[in-house]
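Working notes for the structure below.
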Amino acid sequence: MTQNSAHASHLILGVCDYPEHVPPDRWEHYAKQQKALGLTHVRLAEFAWSRLEPEPGAFQWQWLDQVIDILHQEDMQVVLCTPTAAPPAWLVHAHPEILAVDAQGRTRTFGSRRHYDFASSVYREHSRRITTAMARRYGRHPAVAGWQTDNEFGCHDTTRSYGPASAAAFRAWLQQKYSSLENLNAAWGNVFWSQEYTAWEQIQLPNLTVTDPNPSQVLDHARFASDMVKEFQEEQVRILRECSPGRFVTHNFMGFFADFDSHAVAACLDFASWDAYPTGLLETCSFLAEDLKHKYARTGHPDLISFNHDLYRCLKNNKQGFWVMEQQCGQVNWAPHNPLPADGAVQLWTAQAWAHGADGVSYFRWRAATMAQEVLHSGLLRHDETPDRGHLEIQQLQPRDFVPGEVPAQVALLHDAESLWLFDQQRHNQHLTYWQQVMLYYSTLRSLGVDVDVVQPGADLSAYQVVVAPALTLMSEAHAANLKKASEHAQLVFGPRTAFFTETGQAFDKGQPGSLSELLGGRLKNFDSMRPTLKEMLGGYEVTLWAESYRLQDAQALHVYESGPLAGECAVMQKGNVLTIGAHSPGLVHDLLREVALQAGVSVLDVPEGIRVSRRAGKMLVQNFNAYGVDFLGTRVPAVNFEVFEDT
Ligand code: GAL
């Protein structure tokens, strides 16, 4: 990649623009205004297929040629998108078989976006065709800095399709994976409820079953669907690399989205991007307490945003940096409530993105749409083209402090999509999800002022002092070996439900935590899934929702339950530098993580509620998310703010 964004001297600022939504006489004016605002990159065309190819094979490039040339004249650069997130009406009409089918068996119809099945060979062909045409036309244009594939894979619940194309591809995928039905029947435990298959054609997709479908089948279906997204992306990337040498290729992922394995899907990209909508993320968050939603209504919760920054920064093992491809810069329109952001929030979000490793932040969108589904969504310009609040904030932004460089994380937090698929499928407690458990540990670390890399359990862990694995419920032999290796130099912390399941989604038949029991020094004895009104005690800490106890082998009991059915049993066990916490207890997790960090030599700062610190490139960003509250010195401030210090 010759145009590596990481080589820019400071944070790249850009905007998502839709010249096809406005008369051509606005284009030049907008380009000049964007430049004057300090923006250097404009993302284009991710939903423009009907204007690029209004009829089969009859391409209309002139308008986009003109837009790109205008931007080039202003020295602006372009991030061009393949427009496959919105197949046009003529294509759907000619090939209705490309349409996705939802889990209720209903065919999704034309009239919004993302209505295709990733496994459809017909759609794959059209995706390659339009990608090739665009890449040939613009791949070598000097203004084109890079590409975004499609748009937000999986948005609107579109990763998994339940139609004939996916059913046939799923069977082929299974045949390839298992070779024989005997293997498949054993892997899925199909003797249970007489689910055994005697011919491949008998296998259906796991929807519309009378009660829960077989979890091992659901796990394989999730893996299959993830592979389809990966293949779809790889086909486009191959073409872009060939026709557009030296340009970056990225994709805009979404916050807390794991219907596919984003690590695998990002493998062929130069760097990952994600779309950050802090107030939307907060409003649609299923696990954040109502009082916190209220407190952070105008800023978003800092940890919901930074977790995704930390995840996408590390999505590529070489940590090539990342972009926020769509950054909220005003109100959104799609959450249950869509408050105006606090004064200063757009600047704060931009600074926070930089401090967590972003090389580019591109605001969504330039001008508020005057037509169709998103007219109530803000842009940098209002409908009447006057500058909106976000525009004014960007004008005052001083990006000179935002220099590139390393995020010096000494702590790794492990996230694993396959564990999420199993965890949330058999939650056992409707109030405790995978993300909730992961975010308890992540937020605790951030409240201790600790920088965190969010990485997968197979990643190289050699650089970390502490490795935290809050919810690795699926444990492969390879991951177990990697964790064992990490224990030779790092402090390890495991959360409840660790290594409950084998790779095929069955319980370890010698008990939990399967192949990790030697490392952890004990075995799972009992688990208790509590209704929210129940609480038990442990050394002064409250335990809610989940409690599990251990039979010790060569670990020591650090904490013992004092009440409830597990009274007297071990809740936290420690074997050398490996700690296993069986209780869901925010207070306990806080004190234990603090202790572990200090022991490992990681510096800890007890930051007040609403304050966060993040380090990058020898600097420390102090962020104040207390909209209309007190700042970190205790004085009352009118709005959120931030400050950059030397990190000494
Ligand atoms: C994103 C999407 C954009 C736009 C935006 C509105 O999820 O990629 O196209 O719809 O949301 O907030």
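Just follow the structure's listing: the first ligand is 1, and inside any ligand the first atom is 1.
- Ring centroids of Y138 and W61 are separated by less than 6.0 Å, placing the two rings close together.
- Of the candidates E326, E46, Q331, E326 brings a heavy atom nearest to atom 3 (C) of ligand 1.
- Aromatic pair F642/W349: ring centres not closer than 6.0 Å.
- The aromatic ring centroids of W323 and H41 lie less than 6.0 Å from each other.
- For atom 7 (O) of ligand 1, the nearest protein heavy atom (residue, atom name, distance) is E152 OE1, 2.5 Å.
- Nearest protein heavy-atom contact of atom 5 (C) of ligand 1 is Y277 OH, 3.4 Å.
- Between the CD atom of Q73 and the CD1 atom of I68 there is a distance of 12.5 Å, given to the nearest 0.5 Å.
- Ranking protein heavy atoms by distance to atom 10 (O) of ligand 1, first place goes to E374 OE2, 2.4 Å.
- Applying the 4.0 Å criterion to heavy atoms of F47 picks out, from ligand 1, the atoms 9 (O).
- Aromatic rings of Y123 and F118 (six-membered ring for Trp) have centroids beyond the 6.0 Å cut-off, not under it.
- Counting atoms of ligand 1 from 1 in the listed order, those under 4.0 Å from a heavy atom of F364 are 3 (C), 4 (C), 5 (C), 6 (C).
- Looking at atom 6 (C) of ligand 1, its nearest protein heavy atom turns out to be H377 NE2, 3.2 Å.
- Closest to atom 9 (O) of ligand 1 among all protein heavy atoms lies R113 NH1, 2.8 Å.
- Less than 6.0 angstrom separates the ring centroid of W435 from the ring centroid of F307.
- Between H377 and F364, the distance from one ring center to the other falls under 6.0 angstrom.
- Using a 4.0 Å cut-off to heavy atoms of D275, the atoms of ligand 1 that qualify are 8 (O).
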